[in-house]
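Quick note: numbers below take in every heavy atom, side chains included, and nothing from hydrogens, waters or symmetry partners.
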Protein chains: 2
Amino acid sequence: MSQPTEHTPERPSGRAVPTSADVARLAGVSRATVSYVLNNTSTVRISEPTRRRVREAAEELGYVPHAAARSLRAGHSRMVLLPTSHVPVGPLYSQFFDEFQWALRRLDYTVVQYGSVGLEAEEAARAWAELRPVAVVSLGEVRLTGQGVEILKRSGARAVITLGAQGVEGTHALVMDQGRVGEVATAHLVESGRRRIGVVIPEEPGLAMFSGPRLDGARRAARGTDATVVPLPLRYDEESANELAARWRELGLDAVFAYNDEYAMLLMRALQDVGLAVPEEVAVVGADDLLLGRLLRPRLSTVRIDMVLGRELAELVDRAVREPEVPPRTRSLLASQVVRRESS
Amino acid sequence: MSQPTEHTPERPSGRAVPTSADVARLAGVSRATVSYVLNNTSTVRISEPTRRRVREAAEELGYVPHAAARSLRAGHSRMVLLPTSHVPVGPLYSQFFDEFQWALRRLDYTVVQYGSVGLEAEEAARAWAELRPVAVVSLGEVRLTGQGVEILKRSGARAVITLGAQGVEGTHALVMDQGRVGEVATAHLVESGRRRIGVVIPEEPGLAMFSGPRLDGARRAARGTDATVVPLPLRYDEESANELAARWRELGLDAVFAYNDEYAMLLMRALQDVGLAVPEEVAVVGADDLLLGRLLRPRLSTVRIDMVLGRELAELVDRAVREPEVPPRTRSLLASQVVRRESS
DNA sequence: ACGTGTCACTGACACGTGTAACTAAATCGT
DNA sequence: ACGATTTAGTTACACGTGTCAGTGACACGT
């Protein structure tokens, strides 16, 4: 549904944006010389006085090179595209992200986040491909299909990397084994003598790709024991939590893995408000190891998920770009461990 | 027929990304026709059979247009650049952000977030200018100097918009009056009979541009009354909070405005742990109105800051782009109000 | 004087796209 | 029947940049 855009060719207040030709004219040299000077090309020798004249002219005009023209000519770019839909950001994700960006910049890549909020998977892939990125790193929130990967590679992307709950065919996939999170949490509860274990499933749709595998992991941990697992849908608001707490006794649960620390705090408060003792009557375990969980009474037990380091991921991107012939591999990250505090 | 020079020795069957010329060849038409068909140009008439052939050829080759070449030719892009240094976490910001992106996309803009982590202000502005965005929207975390604005405008940006604690010369500035936040919080405490009021100043450097004005606002509210304001530096960890709580009695404070809800929770827990009663001995007020604050006992009083709506901001961007001749104005957003719960 | 280098540049082309200007054929109006 | 108009395209150029292949001018060795 792209209707032709009526663009307005009128220029604001006359002066056009300066190009390297303008710099050349002002410095009294050819355009080629300008290019050589400003890029510090080492294969060509330009005298020092000329270099100075060119630099001064560029400075005076406020010349800034045109990235699109440059990468068009070069036939390739050093742009790494990070698709972002809606990010349920936490502090540890935020830190990872900063480090990742910093490391990529240090490797001389240009990091661009491209939001594609309301688009279908293939439609989005096409939009990304238009930018001709050298690599695409999808951080889990966006589903990228094999079809989409094919479009991207055909458009010149030398590496497609996904970091998420499940791998994608044709990509360097880092699978953060969400099942493992549910598994260790549940195993911990079983070992502590709990038998009827609830698992909170957030109703927020963006979280389904995490919560599903976590529930599966919980079931895996319960298998072979006499413990049972009960899924508990929950919205992130007080009303929903109170409702769940109100029918807690009829559910007959003696423990709950609450998806993450925020849902855990929400639910724990509701449970306490209806007179249930934590951890005596109900054990509660969250995930993410937020600072705030330590401030509660009882202190919240949690699962600490060790994120991949930003620097490592950046190096993976760089390697994949420089050696596109090595076939993509799927690797699992399964560093998750329970931090036991007082609530379990 | 003038035979075109076949300057490509490598076959497109291998690893060449298809261009509109390839589509034209396959469909047996000229490149111009391909462009007309794929862009639905209404000023030129192309027969339906030809249209179909072109579309099929494009589909078969997996053709995706080259955005850089397109905007180079067009002389302008519809890209809105959002510089982001470190992502400020928070649910209300996240929601605002999604809505903003969605609204801009709906207005046919391309939203690109560009991270410039370790760069100086002017250096960063130059990097942004290279991308030739039609508009730049700075969301507060990054300081953008008047110098930087000049660079951007000279590079063709038709609108520069800043949303933050203070305005920037030459931009459409939306100033979120942080002083007002401290002012209403303090005024509330004074009206409740408190006289010695602490104001938490986070030591995290990125927050200085918010905490400074908030402190000033607090002082403003105390002026003309017999209340006094005491700045309290604090790190976001338990140790720092405990330290502060330990010397609370010697400080002789009967209230604290804790910068935001997270710092408030941290400090309130530390105060309670040393035996101080909230709110009887110390009143605590946070800011941001997080859900978690409502789960504490006592429930946390807070300042709700009404963010500008994403859709509104998107419309402002669009207006500024279409009418670059209207001079930029600075507007203040001062919708902040205290939500009184139990901690004050 | 002559070839051979070196120095300091310049001319020209290609990258992929959009569009104004042109053209050859078909159709129409009278 | 013949110019005028419409149809369905094509040719050619421009956008801003990087870089290969020259090209004078001058120095040097013999």
Could you tell me which residues satisfy side-chain contact (heavy atoms from CB on, under 4.5 Å) with B:E56, sequence neighbours excluded, listed by chain and number?
B:R52
Heavy-atom contacts under 4.0 Å between residues 44-65 of chain A and DNA chain D, which residues?
A:Y63, A:P65
Rounding to a whole Å, what distance do you find between B:R73:CZ and D:dT17:C1'?
17 Å
In terms of the nearest nucleotide of DNA chain C, which residue is placed more toward the 5' end: B:A69 or B:T43?
B:A69
Taking side-chain contact (heavy atoms from CB on, under 4.5 Å) as the definition, give me every residue that meets it alongside B:E48, ordered by chain and number, with sequence neighbours left out.
B:R51, B:R55
Of residues 24-34 of chain A, the positions that come close to DNA chain D - non-hydrogen atoms, cut-off under 4.0 Å
A:R31, A:A32
Are A:S35 and D:dT17 close enough that a side-chain N or O sits under 4.0 Å from OP1 or OP2?
no
Apply side chain to side chain donor-acceptor pair (under 3.5 Å) to B:T162 and list each qualifying residue two or more places apart in sequence or on a separate chain.
B:T171
Can you list everything that forms a side chain to side chain donor-acceptor pair (under 3.5 Å) with B:T145? Sequence neighbours excluded, please.
none
Side chain to side chain donor-acceptor pair (under 3.5 Å) partners of B:T50, counting only residues at least two apart
B:S47
Please enumerate all residues that pass side-chain contact (heavy atoms from CB on, under 4.5 Å) together with B:Q166, with sequence neighbours excluded.
none
Distance check needed: C:dA14 C1' versus A:L72 CG, whole Å only.
9 Å
List the residues meeting side-chain contact (heavy atoms from CB on, under 4.5 Å) with A:E99, not counting sequence neighbours, and say none if there are none.
A:L309, A:R311
If I compare all heavy atoms of B:A314 with all of B:A103, which pair ends up nearest, and what's the gap?
CB-CB, 3.5 Å
What is the separation between atom NE2 on A:H66 and atom C1' on C:dG16, rounded to the nearest whole Å?
13 Å
Which residues pass the salt bridge (charged side-chain N to carboxylate O under 4.0 Å, His left out) test with B:E122, not counting sequence neighbours?
B:R126
Between atom CE of B:M79 and atom OH of A:Y114, what is the distance when rounded to the nearest 0.5 Å?
10.5 Å
Partner set under salt bridge (charged side-chain N to carboxylate O under 4.0 Å, His left out) for B:E60, not counting sequence neighbours
none
Measure NE2/A:H76 against C1'/D:dG18 and give the value in whole Å, please.
11 Å
Integer-rounded Å distance: D:dC20 P and A:N39 CG
13 Å
What about A:Y36, does its side chain sit under 3.5 Å from the base of C:dC7 through a donor-acceptor pair?
no
Nearest whole angstrom, please: distance from the C1' of C:dT17 to the CG of B:D22.
13 Å
In whole Å, I'd like the distance from the CG atom of A:N40 to the C1' atom of D:dT19.
16 Å
What bend angle does the helix from C:dA1-D:dT30 to C:dT30-D:dA1 show across its length, from five-pair end axes and to the nearest 10 degrees?
60°
